[in-house]
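Ligands are counted one by one from 1 in listed order, and the atoms in each one are counted from 1 as well. What you see below is based on every heavy atom in this structure, not just the backbone, and it leaves out hydrogens, waters and symmetry mates. For this chain, numbers begin at 1 and follow the sequence in order. Since this is a predicted model, take the numbers as computed values, not measurements.
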Amino acid sequence: MSIETLSWVGGVSDGFLRLIDQTLLPIELRTIDCRNTESVWEAIKQLRVRGAPAIGIAAAYGMIIGIQNVTVNSLEKRFYDVAQYLASSRPTAVNLFWAIDRMKRCYESVKIKLHNGGAEEHTMILNELFLEARKIHEEDRAICRAIGNYGQSIIMNGDTFITHCNAGGLATADYGTALAVFFTAAELGKKIMVYADETRPLLQGARLTAWELMQKGINVTLICDSMAAMIMRQGKVNGVIVGADRIAANGDTANKIGTYGLAVSAFVHNIPFYVAAPISTFDLALADGVDIPIEERNADEICCGFGVRTAPEGVNVYNPAFDVTPAKFISAIITERGIINPVNKENIENLAAD
Ligand code: MRU
């Protein structure tokens, strides 16, 4: 991809966040510039930037933008207000809160070192926070590569896999999580085929995953979500790999709506089901998936997707954006630190705890 999913443009005190507007893909590859916190919030909310790691990175940069033009006296209040505001954009992907917490910890550690309270202090805080946001961004690139390297070992030459939603370069700093596994396997010369679920209702699979895989020359076939069980029964699938938005301490995993059904189908057909995710996606404070907050989105996404009405005006709609797959249906979790197999509390704690 010649354009980066996210990038910082300009200096620390006057720069801004540039994002690929993913709502326009695959028709148009265009960027938008976020120069205030509201536009970062809106971009996350409207899925212009989406995918768990990418929204964490966007929020980290958003916290810089939010304190660029404040006086040193109002900086602290503004910083925490911005953190709270950005945290309200989407509830499910824990990477958002993880990145905001990291920025808060950075702020607190800089504050301890500073006492003069002048303009100089503002610059130093901004610089340190910017370095932290950059670090979150750069680390994610390396994490994706490591996930790809570990994950490729589960793919044999000639395999066919299904993926759901988009866990590619568009959902991360670069390269992806689930898609990184395919990209790395292909780079190593393994011949693979990928079925991309279209991923109702917002079509991240059709619009983004199919596009990304085609860009990288990977053999991809688009299917409707409802076709996955049948092609599994027909013996056309060797495995499933998806990304994740939040993984509880026992391995229960929240990901895009439809993932749970896909995992159940894979289980019934004795097909391995893998989750690929960075350690920042684990929420060890949650014992299991029951308490993972599930975002509910606007009814129009189902009734009037992409501007075309496909259901009667006024019909009742339920639109959860994510579901939780119980750990018992997950064969292994691929992380940047290695592969968790079998998926259980002990193995997760050993690998994911700080
Ligand atoms: O609503 P979205 O498009 O942000 O949902 C994204 C997903 O469900 C991804 O699978 C997940 O965030 C992992 S991205 C590496």
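A salt bridge links E295 with R297: the closest approach of a Lys/Arg side-chain nitrogen to an acidic carboxylate oxygen falls below 4.0 angstrom. R48 has a carboxylate O that lies under 4.0 Å from a charged side-chain N of E42, or vice versa, which qualifies the two as a salt bridge.
For atom 10 (O) of ligand 1, the closest heavy atom belonging to the protein is N255 OD1, 2.6 Å. The nearest protein atom to atom 15 (C) of ligand 1, hydrogens excluded, is given as T177 OG1, 3.2 Å; this is a heavy-atom distance. Scanning the protein for heavy atoms near atom 14 (S) of ligand 1, the closest one is A171 CB, 3.4 Å. For atom 3 (O) of ligand 1, the nearest non-hydrogen atom of the protein is R50 NE, 2.6 Å. What sits closest to atom 4 (O) of ligand 1 on the protein, heavy atoms only, is R90 NH1, 2.8 Å. Atom 8 (O) of ligand 1 has as its closest protein heavy atom D245 OD1, 2.9 Å.
One N or O on the side chain of R78 and one on the backbone of G66 form a donor-acceptor pair closer than 3.5 Å. Remark: side-chain polar atoms of D14 are paired, donor with acceptor, to backbone N or O of G11 under 3.5 angstrom. A distance-only check finds a donor-acceptor pair linking the side chain of D225 to the backbone of E198 [under 3.5 Å]. Under the 3.5 Å distance criterion, the side-chain polar atoms of R145 are left unmatched by any main-chain donor or acceptor of T184. No donor-acceptor pair under 3.5 Å is formed between the side chain of E121 and the backbone N or O of V72.
I55 does not count as a contact of ligand 1, since none of its heavy atoms falls under 4.0 Å from the ligand. In this structure, A244 is part of the shell of residues with a heavy atom less than 4.0 angstrom from ligand 1. Heavy-atom separations between P53 and ligand 1 include at least one value shorter than 4.0 Å. The closest approach between H164 and ligand 1 stays at or above 4.0 Å for every heavy atom of the residue. Within the structure, the closest approach of A321 to ligand 1 does not fall below 4.0 Å when heavy atoms are considered.
Note: no N/O pair closer than 3.5 Å links F322 and ligand 1 by distance alone. When only interatomic distances are considered, the shortest N/O to N/O separation between L47 and ligand 1 does not fall below 3.5 Å.
Counting atoms of ligand 1 from 1 in the listed order, those under 4.0 Å from a heavy atom of Q204 are 1 (O), 2 (P), 3 (O). Per-residue contacts place A52 under 4.0 angstrom from the following atoms of ligand 1 (heavy atoms of the residue considered): 12 (O), 14 (S).
By the criterion of a heavy-atom distance under 4.0 Å, both the backbone and the side chain of K256 are placed next to ligand 1. Contacts between T259 and ligand 1 below 4.0 angstrom, taking non-hydrogen atoms only, are absent altogether. In A167, the parts holding a heavy atom less than 4.0 Å from any atom of ligand 1 are both the side chain and the backbone.
The two residues I339 and A332 come nearest to each other via the heavy atoms CG2-CB, 3.8 Å.
None of T253, I162, I241, T259 except one satisfies the side-chain contact (heavy atoms from CB on, under 4.5 Å) rule with F273; the exception is T259.
Looking only at side-chain heavy atoms (C-beta outward), V324 and R246 stay at 4.5 Å or farther from each other.
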Where do F130 and W8 land on the ring-ring contact (aromatic ring centres under 6.0 Å, His included) test, with the steps shown first? CA-CA 10 Å; F130 182 72; W8 182 264; 5.3 Å; yes
